[in-house]
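Down below is the structure, laid out as structure tokens.
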Amino acid sequence: MKKLDNASEPKDTANLPYYKSTGNEIDVFEHAHRNKLPVLLKGPTGSGKSRFVEFMAARLGLPLVSVSCHEETSAVDLLGRFLIKGSETIWQDGPLTRSIRMGAILYVDEIAEARPDVLVAIHPLTDYRREIYLDRKNESVSAPSSFMLVASYNPGYQRGWKELKPSTRQRFISMQFDYPNSKVEEEILFAETGVLLSIASQLVKLGQKIRNLTELGLIESCSTRLLVDAAKLITSGLPPRLACEVAIVQPLSDDRDTVQALKDIVSLMI
Ligand code: ADP
């Protein structure tokens, strides 16, 4: 793959957030940015998507505006609204409009969870127009070349997640994220928490064991985030099994039998 000459080398690596690359995602992102293409990061929760975007924004020297979508998130929340202040009515930009004016990277987390009018509002941003229309103000806002739209999406192969329409998906370059291999995941645990490598290795094995136990029927499996949290608690002095129970077992399930099964696995492996 052709490397970019100017944007690819960060000016100050010491100030970049820690991100362990697992493939060619840095190159792909930089090429997408240069070509003004929006990017969709697909993958399970806690697999490093947000950290990657933070890292890329810092690497490109751009501000980052993040929005987490939920089922109530509407276009007005993102675009902006008129507010009454005393006797005056003033316009307040929403995060999407603000990020365009700033030429920032806009990260729309869990885009499929938002209301359909959000997708309608961002459509003109994802094609050659690269603009939004504020109908309440009758104003079009065009994105400067540094602006980039990045969205995340958790594919709906497990129950409880909304699907993203094919017509929306086709408006984005897409990158798949997944939990890293053991060696890389151990390295992340160590870099993030300073945990002993022997413990990092046990935690990673535990994570893999839980991910392979599909019969537990977990909505989301054991993410790198949960392993990092357990490693943090262990590093700060909490007994390892207790750390695993509160950071891994309890967040994964409310079902008594499943919790007991997970606790048994922890006792065996940690
Ligand atoms: P997502 O956005 O996919 O839900 P995050 O980016 O918030 O996940 O990742 C959760 C945590 O996992 C991060 O805070 C970080 O500690 C760790 N992590 C996961 N993948 C990586 C990676 N490739 N490099 C560095 N840290 C990572």
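Computed from a predicted model, the values in this text were never measured in an experiment. The first residue of the sequence shown is numbered 1, and numbering continues consecutively from there. Just follow the structure's listing: the first ligand is 1, and inside any ligand the first atom is 1.
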Rounded to the nearest 0.5 Å, what's the gap from OG1 on Thr224 to CD on Glu185? Could you check? 4.0 Å
Let me confirm one number: the CD1-CZ distance from Ile26 to Phe55, rounded to the nearest 0.5 Å. 4.0 Å
Ligand 1 versus [X], non-hydrogen atoms closer than 4.0 Å: side chain, backbone, both, neither?
X: Pro44; result: backbone
X: Ile188; result: side chain
X: Tyr18; result: both

Regarding Arg136 and the six-membered ring of Phe82, is the cationic atom NZ or CZ under 6.0 Å from the ring centre and inside 45° of its axis? no
For ligand 1, which is the ligand I care about here, please tell me if [X] has any N or O atom under 3.5 Å from one of the ligand's N or O atoms.
X: Thr22; answer: no
X: Thr224; answer: no
X: Val228; answer: no
X: Lys49; answer: yes
X: Gly48; answer: yes

Counting neighbours of CD on Glu215 that are heavy atoms of other residues, nucleotides or ligands and sit closer than 6.0 Å, is the number greater than 12? yes
Do other residues, nucleotides or ligands put more than 12 heavy atoms under 6.0 Å from Asp254 CG? no
Donor-acceptor contacts, no H, no angles, side chain residues 200-210, under 3.5 Å, sequence neighbours left out:
from: Ser201; atom 1: OG; to: Lys205; atom 2: NZ; distance (Å): 3.2
from: Gln208; atom 1: NE2; to: Ser182; atom 2: OG; distance (Å): 3.1

So which protein heavy atom does [atom] come closest to, and at what separation?
atom: atom 10 (C) of ligand 1; result: Arg225 CB, 3.6 Å
atom: atom 13 (C) of ligand 1; result: Arg51 NH2, 3.8 Å
atom: atom 15 (C) of ligand 1; result: Glu192 OE1, 3.3 Å
atom: atom 2 (O) of ligand 1; result: Ser50 OG, 2.5 Å
atom: atom 23 (N) of ligand 1; result: Lys20 O, 2.9 Å

Would you mind writing out the side-chain donor-acceptor pairs for residues 230-240 within the sub-3.5 Å range, not counting sequence neighbours?
from: Thr235; atom 1: OG1; to: Ala231; atom 2: O; distance (Å): 2.6
from: Ser236; atom 1: OG; to: Leu233; atom 2: O; distance (Å): 3.3

Decide yes or no on side-chain contact (heavy atoms from CB on, under 4.5 Å) for Thr89 and Leu83, but give the supporting numbers first. CA-CA 6 Å; Thr89 309; Leu83 300 175; over 6 Å; no
Answer yes or no: is there a donor N or O on one side and an acceptor on the other, between the side chain of Glu220 and the main chain of Thr45, under 3.5 Å? yes
Pick from Ser68, Gly46, Ser21: the one approaching atom 4 (O) of ligand 1 most closely through a non-hydrogen atom: Gly46
Taking the ring of Phe52 and the ring of Phe29, is the distance between their centroids below 6.0 Å? yes
Under 4.0 Å from a heavy atom of Ser47: give me the atoms of ligand 1 that qualify, with their elements. 1 (P), 3 (O), 8 (O), 20 (N)
So the atoms of ligand 1 within less than 4.0 Å of a heavy atom of Thr45 turn out to be 4 (O)
